[in-house]
Colleague: 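Please find one structure pasted underneath; my questions will follow.
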Number of protein chains: 2
Amino acid sequence: MFKDLDPLLHSQLRLAVMSILISAVEAEFVFIREKTNSTAGNLSVQIEKLREAGYISVEKSFKGKMPRTTCRITPEGIAAFEKYVEDLNSYLQKK
Amino acid sequence: MFKDLDPLLHSQLRLAVMSILISAVEAEFVFIREKTNSTAGNLSVQIEKLREAGYISVEKSFKGKMPRTTCRITPEGIAAFEKYVEDLNSYLQKK
DNA sequence: TAAACTAGTTTATAATATAAACCAAATATT
DNA sequence: AATATTTGGTTTATATTATAAACTAGTTTA
């Protein structure tokens, strides 16, 4: 009846990150922080969790002299997100 | 962009409880425990949280000699659930 | 009458989310 | 040119949350 929800995605901030990345080719750390209105510390931790899980890839480079962290969703990330959305539907049947 | 999700509903077990109650007039503790496949302890705690928040009402009675706990969703519970589902949609836009 | 079961609650622990504190380098200020 | 501030993060400490284990109170069964 109720599908188990991927605990990695059932988190407001991580879900927001995935939501951004699923509709963008890539996104920078600062952009994601602004869009999600999160603190850098929290975002850093959650991005690392998504990366560890293989849901996103993270690339570090420089924009001029300033550091830049770029995130991309992986095929596994896309699959996990789509499964999460589907599983969620088992909970959302309206009256 | 991303709406804040009601933390009381953004929990797998509590969301499942609300999902059951939104489509039933009432439901007994044991029924909910079976449907959600949860332990009694966990369910007891989560039901109390929903009750405290005013999202459900809880009535204790007897079925013969055995105790029975019956739950119902309240109008505030219905409103909160519907808002949660709507807010969730800000995260679920597909590619 | 003792063992096992029912229907829960309370409490201890594990997991999680979050922000505060920190770091290194770049840029702006006096 | 020194120093203050800002940028772009990471690490770590704390608060919150979820969850199951342990317990309670009573009932049914052997």
Side-chain angles (χ1 to χ4, degrees), chain A residues 2-21 26-53 55-72 80 84 87 91, chain B residues 2-21 26-53 55-72 80 84 87 91:
Chain A
F2 295 108
K3 306 282 184 62
D4 265 340
L5 298 175
D6 183 342
L8 233 105
L9 295 184
H10 198 61
S11 139
Q12 193 169 315
L13 183 47
R14 285 195 300 272
L15 189 62
V17 170
M18 292 293 280
S19 177
I20 287 169
L21 292 179
E26 56 175 50
E28 292 181 22
F29 186 97
V30 171
F31 175 84
I32 298 173
R33 182 172 53 67
E34 283 165 357
K35 282 283 175 186
T36 58
N37 204 31
S38 58
T39 60
N42 191 6
L43 183 58
S44 178
V45 169
Q46 306 313 327
I47 279 182
E48 174 57 18
K49 285 185 185 174
L50 291 171
R51 193 197 60 71
E52 262 182 296
Y55 288 1
I56 68 174
S57 66
V58 177
E59 195 200 327
K60 274 152 196 309
S61 62
F62 285 88
K63 174 160 52 172
K65 290 177 178 176
M66 297 298 276
R68 166 171 55 183
T69 300
T70 307
C71 303
R72 283 184 193 74
Y84 173 79
D87 290 347
Y91 295 80
Chain B
F2 296 108
K3 308 280 185 59
D4 266 340
L5 298 174
D6 184 342
L8 232 105
L9 295 184
H10 198 61
S11 140
Q12 193 169 315
L13 183 48
R14 285 194 301 272
L15 189 62
V17 170
M18 293 293 281
S19 178
I20 288 170
L21 291 179
E26 56 176 51
E28 292 181 21
F29 186 96
V30 171
F31 175 84
I32 297 174
R33 182 172 54 65
E34 284 166 355
K35 282 283 175 188
T36 59
N37 203 33
S38 58
T39 60
N42 191 6
L43 183 58
S44 178
V45 169
Q46 305 315 326
I47 279 182
E48 174 58 16
K49 285 185 185 175
L50 291 171
R51 193 196 60 70
E52 261 183 296
Y55 288 2
I56 67 174
S57 66
V58 177
E59 195 200 328
K60 275 153 197 306
S61 61
F62 285 89
K63 177 161 49 172
K65 290 177 179 176
M66 297 298 276
R68 166 170 55 182
T69 300
T70 306
C71 303
R72 283 184 194 73
Y84 174 78
D87 290 348
Y91 294 80

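Just so it is clear: chains get the letters A, B, ... in the order the sequence lines come, proteins before strands, and each one is counted from 1.
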Colleague: State which residues pass side-chain contact (heavy atoms from CB on, under 4.5 Å) with B:N42; sequence neighbours excluded, sorted by chain then number.
Modeller: B:L13, B:T39, B:Q46
Colleague: With A:T69, which residues qualify under side chain to side chain donor-acceptor pair (under 3.5 Å), at least two apart?
Modeller: A:K60
Colleague: Counting the atoms with a prime plus P, OP1 and OP2 as sugar-phosphate, which does A:K60 contact under 4.0 Å by heavy atoms, base, sugar-phosphate, or nothing?
Modeller: sugar-phosphate
Colleague: Specify the separation, in whole Å, of atom CZ of A:R33 and atom P of D:dG9.
Modeller: 8 Å
Colleague: Write down the distance between CG (A:L43) and C1' (D:dG8), rounded to a whole number of angstrom.
Modeller: 11 Å
Colleague: CG of A:L50 versus P of C:dA17: gap in Å, rounded?
Modeller: 10 Å
Colleague: Listed by chain and number, what are the side-chain contact (heavy atoms from CB on, under 4.5 Å) partners of A:R51, not counting sequence neighbours?
Modeller: A:E48, A:I56, A:V58
Colleague: Could you state the atom-to-atom distance from CG of B:D6 to C1' of D:dT17 in whole Å?
Modeller: 14 Å
Colleague: Between A:L5 (CG) and C:dA15 (P), how many Å, whole number?
Modeller: 19 Å
Colleague: Report which part of the nucleic acid B:R68 touches: base, sugar-phosphate, or nothing (heavy-atom distance under 4.0 Å, all strands).
Modeller: sugar-phosphate
Colleague: Treating primed atoms plus P, OP1 and OP2 as sugar-phosphate and everything else as base, which nucleotides of nucleotides 18-30 of chain D get B, S or - for protein heavy atoms under 4.0 Å?
Modeller: SBBB-----SS--
Colleague: Tell me: CD of A:E52 to C1' of C:dT16, nearest whole Å?
Modeller: 14 Å
Colleague: Pair B:V17, B:Y55 - check side-chain contact (heavy atoms from CB on, under 4.5 Å), show working.
Modeller: CA-CA 11 Å; B:V17 170; B:Y55 288 2; over 6 Å; no
Colleague: Name all residues meeting the salt bridge (Lys or Arg N to Asp or Glu O under 4.0 Å) criterion together with B:E59; count only those two or more places apart in sequence or in a different chain, and write none if there are none.
Modeller: B:R72
Colleague: Could I get the full list of side chain to side chain donor-acceptor pair (under 3.5 Å) partners for B:K65, not counting sequence neighbours?
Modeller: none
